[in-house]
Amino acid sequence: MPTQRDDCLFCGIVRDGTYVNQTKGFIAINDINPQAPVHLLVIPEHHVDSFREIGEFSARESKHLLEFIADTARSVGLTDYKVQVNVGPTAGQTVFHLHWHVLGEGGAASKTDAMATAVSEL
Ligand code: 5GP
Ligand code: ZN
């Protein structure tokens, strides 16, 4: 079983079970305060405070995580996007359970919306 903390917001979200995407050991959710049209958070089920503790994951888990980030972006229709980790408060980390931000301008749905707008403006 992954290590969980009762007082941790993201451990609670892991336990809630409502995800955009899921794989063994990792989940993806929508950010509650998106900084881009698509803003996902990829979160390990195992609690570590920050990226500084990445060594607690095996090489296999780390590879699986990186593939899951790419799969999750693809699954919401993103081809171009940013992947970001804030490490420590002065670098912008506000939730102390390791997570990756996936930020993109829009997936399949927003492309369809943009095309609909463009067509309606013809
Ligand atoms: P950080 O600032 O630690 O790199 O990122 C934390 C992120 O978690 C922020 O982008 C913030 O909007 C998001 N966040 C904070 N609380 C919640 C929550 O309760 N639910 C979700 N889905 N995202 C949250
Ligand atoms: Zn946690």
Side-chain angles (χ1 to χ4, degrees):
M1 278 295 284
T3 307
Q4 291 259 301
R5 297 243 175 114
D6 289 342
D7 61 348
C8 170
L9 177 68
F10 283 2
C11 284
I13 286 175
V14 167
R15 284 193 297 273
D16 273 356
T18 308
Y19 317 132
V20 169
N21 200 8
Q22 182 178 18
T23 189
K24 188 175 182 329
F26 302 94
I27 64 157
I29 60 169
N30 284 309
D31 196 292
I32 203 168
N33 181 24
Q35 302 300 306
V38 178
H39 187 170
L40 303 166
L41 299 173
V42 170
I43 304 173
E45 290 177 0
H46 172 66
H47 179 103
V48 295
D49 289 349
S50 81
F51 186 71
R52 295 187 200 100
E53 290 80 44
I54 191 68
E56 290 193 24
F57 297 88
S58 68
R60 189 190 177 96
E61 286 170 320
S62 297
K63 178 173 187 286
H64 190 53
L65 161 71
L66 293 175
E67 288 170 346
F68 178 61
I69 292 172
D71 284 348
T72 299
R74 198 178 303 119
S75 75
V76 297
L78 293 176
T79 49
D80 296 5
Y81 53 92
K82 292 179 200 172
V83 178
Q84 181 173 322
V85 187
N86 299 326
V87 189
T90 63
Q93 186 176 4
T94 58
V95 176
F96 293 88
H97 176 133
L98 175 59
H99 54 280
W100 281 256
H101 297 259
V102 179
L103 299 136
E105 286 308 310
S110 63
K111 265 187 219 151
T112 310
D113 291 347
M115 280 171 64
T117 306
V119 168
S120 72
E121 285 170 357
L122 284 177

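By convention here, the first residue in the shown sequence is residue 1. Bear in mind the structure is a predicted one, so any value in this text is a computation, not a measurement. For ligands, and for the atoms within them, numbers begin at 1 and follow the listed sequence.
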Requested in this report: With sequence neighbours excluded, give me every side chain to side chain donor-acceptor pair (under 3.5 Å) pair touching residues 85-97.
Outcome: H47-H97, Q84-N86
Query raised in the report: So which of T94, L98, L103 gets nearest to atom 2 (O) of ligand 1, if we judge by its closest heavy atom?
Result: T94
Query - Residue among D31, L40, V83 satisfying side chain to side chain contact (heavy atoms under 4.5 Å, CB included) with H101 - result: D31
Query raised in the report: Out of V38, V76, V42, which residue meets the side chain to side chain contact (heavy atoms under 4.5 Å, CB included) rule with V20?
Result: V76
Report task. Look at ligand 1 and say whether V85 reaches it with a heavy atom at a distance under 4.0 Å. Result -> no
Report summary line: Any heavy atom of N86 under 4.0 Å from ligand 1? The part involved is side chain
Query raised in the report: So which of D16, D31, I43, T18 gets nearest to atom 13 (C) of ligand 1, if we judge by its closest heavy atom?
Result: D31
Query raised in the report: Are any of the N/O atoms in H99 less than 3.5 Å from those in ligand 1?
Result: yes
Query raised in the report: Polar-atom distance check: L41 versus ligand 1, any N or O pair below 3.5 Å?
Result: no
Query raised in the report: Of all the N, O or S atoms in H97, which one sits nearest to the Zn ion (ligand 2)?
Result: ND1
Query raised in the report: For D80, does the CG atom have more than 12 heavy-atom neighbours from other residues, nucleotides or ligands under 6.0 Å away?
Result: no
Query raised in the report: Which pairs pass side chain to side chain donor-acceptor pair (under 3.5 Å) with one or both residues in residues 62-73, sequence neighbours excluded?
Result: N21-T72, T23-H64, K63-E67, D71-R74
Requested in this report: Dump the intermediate steps for side chain to side chain contact (heavy atoms under 4.5 Å, CB included) on I69 and F26, then the final yes or no.
Outcome: CA-CA 9 Å; I69 292 172; F26 302 94; over 6 Å; no
Query raised in the report: Nearest to atom 22 (N) of ligand 1, what protein heavy atom do you find, and at what distance?
Result: N30 O, 2.9 Å
**Report entry** Polar side-chain atom of H39 near backbone of L103 as donor-acceptor pair, under 3.5 Å
**Finding:** no
Query raised in the report: Short list, please: which atoms of ligand 1 are under 4.0 Å from a heavy atom of F10?
Result: 8 (O)
Report summary line: Taking only non-hydrogen atoms of N33 and a 4.0 Å limit, the atoms of ligand 1 in range are 12 (O)
Query raised in the report: Counting each atom of ligand 1 from 1 as listed, which ones have a heavy atom of L9 under 4.0 Å away?
Result: 16 (N), 17 (C), 19 (O)
Query - H47: its N/O/S atom lying closest to the Zn ion (ligand 2) (atom name) - result: ND1
Report task. Using distance alone, determine whether I32 and ligand 1 share an N or O pair under 3.5 Å. Result -> yes
Query - Other residues, nucleotides, ligands: >12 heavy atoms within 6.0 Å of F51 CZ - result: no
**Report entry** Side-chain heavy-atom pair I13, I27 within 4.5 angstrom cut-off
**Finding:** yes
Query - Sub-4.0 Å heavy-atom contact, H101 with ligand 1 - result: yes
Requested in this report: Determine whether any heavy atom of Q35 lies closer than 4.0 Å to an atom of ligand 1.
Outcome: no
Report summary line: Looking only at heavy atoms, the pair that brings R15 and Q4 closest together is NH1-OE1, 3.0 Å
